[in-house]
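Working notes, structure below.
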Amino acid sequence: MPELPEVETIRRGLEPVLEGVHICDVDVRRKDLRFPFPPGFAAKIKGRRVLSVSRRAKYLLIALDDGQVLVSHLGMSGSWRVDEWASGNSFEYPRSGKPAHDHFVMQAGRGGNMFRITYNDPRRFGFLLLCHASELESHPLICKLGIEPMGNMLSGDFLQSAFANKSAPLKSALLDQRIIAGLGNIYVCEALWRAGLSPMRKSAMLASPDMQAKIAASKLADAIRGVIADAIAAGGSHLRDYVQTDGALGYFQHSFSVYGREKLPCPQCGTPVKRIVQAGRSTFYCENCQM
DNA sequence: CGGCATACCTGCAAGC
DNA sequence: TGCTTGCAGGTATGCC
């Protein structure tokens, strides 16, 4: 479910709830998600205070007051939910009952407010781990990540040097987290459509020194930045108060140009959108607009 | 090494 | 209606 814009939206929802809370109870309800929980996982979190909620690529980073960082990756179906209730009462689930697949629950308080912060993940491709802040950058899952698509590094020049000599199609290269970290299947499809570039184009074609390639690379960088910014803006508009209750795509899913729109008309030219499979993943594109 | 298929797991929609 | 099938937004692994 979540690509970078969804993770950023969840981060913005969690930040005002979590910052400063005292974690008074932690409940780990499975022995594993994608990875096994290490022994003592809950005990290392219990009693801590949350300093900040940040993000690197699709990873949520919850910094604790003893130097540990709770790292959360949502996989395909993970989400965080916050329930608030009045201090002094015990928590009660709404009448609809306890949701399935709540795997990790923290109870936390700040002032007179009590929060229950729950990680839910039906497919269990996500994971939670603890890492010391000083070792985060060298963590095997983090250290190979490429640049942030919202950061200053992303430019036509960057793409030209990153794609030089790469034989992989643009679709695969953009999904490669070691180059740009945080793009997933949806936003790669959308960015390529905005840039008017075929997902099958060899990446190296963008790296040639001629003006045409330079323009295409720069257009692609702008398209990536734009599609991510638009999706975050749409996700942000989905925030209610301080709580983002799930990892839904917000309103941006209503403005996909090609993703999930096989046989529907291209918004630009009306040609039916094509679906193909590349490296085992669906690719949606317009064969008329994307060359 | 790069690039691709596969595995992990559950839920859901489409098709019969 | 109820079953089967295929597909899903991510990442690590192993194979060529």
Side-chain angles (χ1 to χ4, degrees), chain A residues 1-10 29-37 55-60 71-80 99-104 119-129 139-146 149 162-193 199-205 207 224 227-228 230-232 234-235 238 244 246-263 275-285:
Chain A
M1 182 180 296
E3 298 184 29
L4 186 151
E6 289 73 47
V7 179
E8 177 60 20
T9 298
I10 291 166
R29 298 181 174 178
R30 288 187 58 86
K31 67 175 193 320
D32 61 5
L33 287 170
R34 184 186 182 109
F35 308 125
F37 286 105
R55 178 188 60 73
R56 171 75 172 101
K58 300 172 196 169
Y59 293 84
L60 271 177
V71 180
S72 159
H73 194 290
L74 303 166
M76 297 265 261
S77 59
S79 63
W80 285 93
H101 311 299
D102 284 355
H103 304 310
F104 175 86
Y119 179 72
N120 181 288
D121 191 354
R123 288 175 73 181
R124 307 205 302 271
F125 284 3
F127 54 85
L128 293 162
L129 56 92
H139 191 282
L141 290 167
I142 307 281
C143 68
K144 294 188 214 96
L145 292 173
F163 289 172
N165 307 318
K166 256 190 126 41
S167 62
L170 283 175
K171 172 77 187 308
S172 308
L174 291 176
L175 279 175
D176 187 340
Q177 303 295 302
R178 295 167 302 182
I179 301 174
I180 303 172
L183 300 181
N185 208 23
I186 293 176
Y187 297 110
V188 167
C189 291
E190 293 294 306
L192 285 168
W193 180 81
M200 288 102 91
R201 274 272 281 268
K202 295 271 177 244
S203 305
M205 287 183 72
I224 292 166
V227 78
I228 296 291
D230 289 353
I232 290 175
H238 194 232
Q244 170 72 13
D246 56 40
L249 286 164
Y251 292 126
F252 192 73
Q253 57 187 312
H254 303 303
S255 44
F256 292 157
S257 299
V258 285
Y259 184 82
R261 292 176 46 85
E262 185 182 12
K263 294 179 184 156
R275 176 183 174 272
I276 58 170
V277 174
Q278 290 179 291
R281 314 287 304 275
S282 286
T283 296
F284 299 88
Y285 72 108

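Quick note: numbers below take in every heavy atom, side chains included, and nothing from hydrogens, waters or symmetry partners. In what follows, every chain begins at residue 1, and chains take the letters A, B, ... in the order their sequences are listed.
Remark: A:Arg178 pairs with A:Lys144, A:Asp176 by the side chain to side chain contact (heavy atoms under 4.5 Å, CB included) rule, at least two apart or across chains. For A:Tyr59, the ring pair (Phe, Tyr, Trp, His ring centres under 6.0 Å) partners at least two apart in sequence or on another chain are A:His73. In this structure A:Lys58 satisfies the side chain to side chain donor-acceptor pair (under 3.5 Å) test with no other residue, sequence neighbours excluded. Checked against side chain to side chain donor-acceptor pair (under 3.5 Å), A:Thr283 has the following partners two or more places apart in sequence or in another chain: A:Lys171, A:Gln278.
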Original post:
In dot-bracket, 5' to 3', how would DNA chain C read with Watson-Crick or G-U wobble pairs under 3.5 Å, [ ] for crossing ones and | for pairs to another strand?
Top reply: .|||||||.|||||||
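A:Arg275 has a side-chain polar atom (N or O) that falls below the 4.0 Å cut-off from OP1 or OP2 of C:dA8. Neither OP1 nor OP2 of C:dT11 sits under 4.0 Å from any side-chain N or O of A:Lys144. When the side-chain nitrogen and oxygen atoms of A:Arg281 are compared with OP1 and OP2 of C:dA8, none of them lie within a distance under 4.0 Å.
In this structure, CG of A:Leu74 is placed 16 Å from C1' of C:dA8, rounded to the nearest angstrom. We find that CD1 of A:Ile276 is positioned 12 Å from P of B:dC4, with the value rounded to whole Å. In this entry the distance linking NZ of A:Lys171 with C1' of B:dA5 reads 14 Å, nearest Å. Distance NE2 (A:His139) to C1' (C:dA12): 13 Å, rounded to an integer number of Å. A:Lys263 places its NZ atom 13 Å from the P atom of B:dA14, with the value rounded to the nearest Å. Going from atom CG of A:Leu129 over to atom P of C:dG10 covers 19 Å, rounded to whole Å.
Considering only heavy atoms from C-beta on, A:Leu129 comes within 4.5 Å of A:Leu141 through its side chain. Within the 4.5 Å cutoff, side-chain heavy atoms of A:Tyr119 are placed close to those of A:Leu74. Between A:Glu190 and A:Val258 the shortest side-chain heavy-atom distance falls below 4.5 Å.
For the P atoms, the distance linking C:dC3 with B:dC9 amounts to 24 Å, nearest Å.
The 5' end of DNA chain B is approached more closely, in terms of each residue's nearest nucleotide, by A:Arg178 than by the other of A:Arg178 and A:Gly280.
When distances run from any side-chain atom of A:Lys58 to the nucleotides B:dG3, C:dA8, C:dG10, the shortest one goes to C:dG10. Taking the side chain of A:Tyr59 as heavy atoms from C-beta on, and the options B:dG3, C:dA12, C:dG10, the nearest nucleotide is C:dA12. Nearest to the side-chain atoms of A:His73 among the listed nucleotides C:dT11, C:dA8, B:dG2 stands C:dT11. The side chain of A:Ser282 lies closest to C:dA8 when the candidates are C:dG10, C:dA8, B:dA5.
The line from CG of A:Leu192 to OH of A:Tyr285 is 11.5 Å long, rounded to the nearest 0.5 Å.
Across all strands shown, A:Leu175 has no heavy atoms under 4.0 Å from either base or sugar-phosphate atoms. In this structure, A:Gln278 reaches neither bases nor backbone, as no heavy-atom distance under 4.0 Å exists between it and the strands shown.
Of all heavy-atom pairs between A:Asp102 and A:Arg29, the closest is O-CD, 3.3 Å.
Using a distance-only test at 3.5 Å, with no hydrogens or angles considered, a donor-acceptor pair links the side chain of A:Gln177 to the main chain of A:Leu183.
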Original post:
When every nucleotide of nucleotides 8-13 of chain B is labelled 5' to 3' by its protein contacts under 4.0 Å (heavy atoms), B for base, S for sugar-phosphate only, - for none, what sequence of letters results?
Top reply: BBBS--
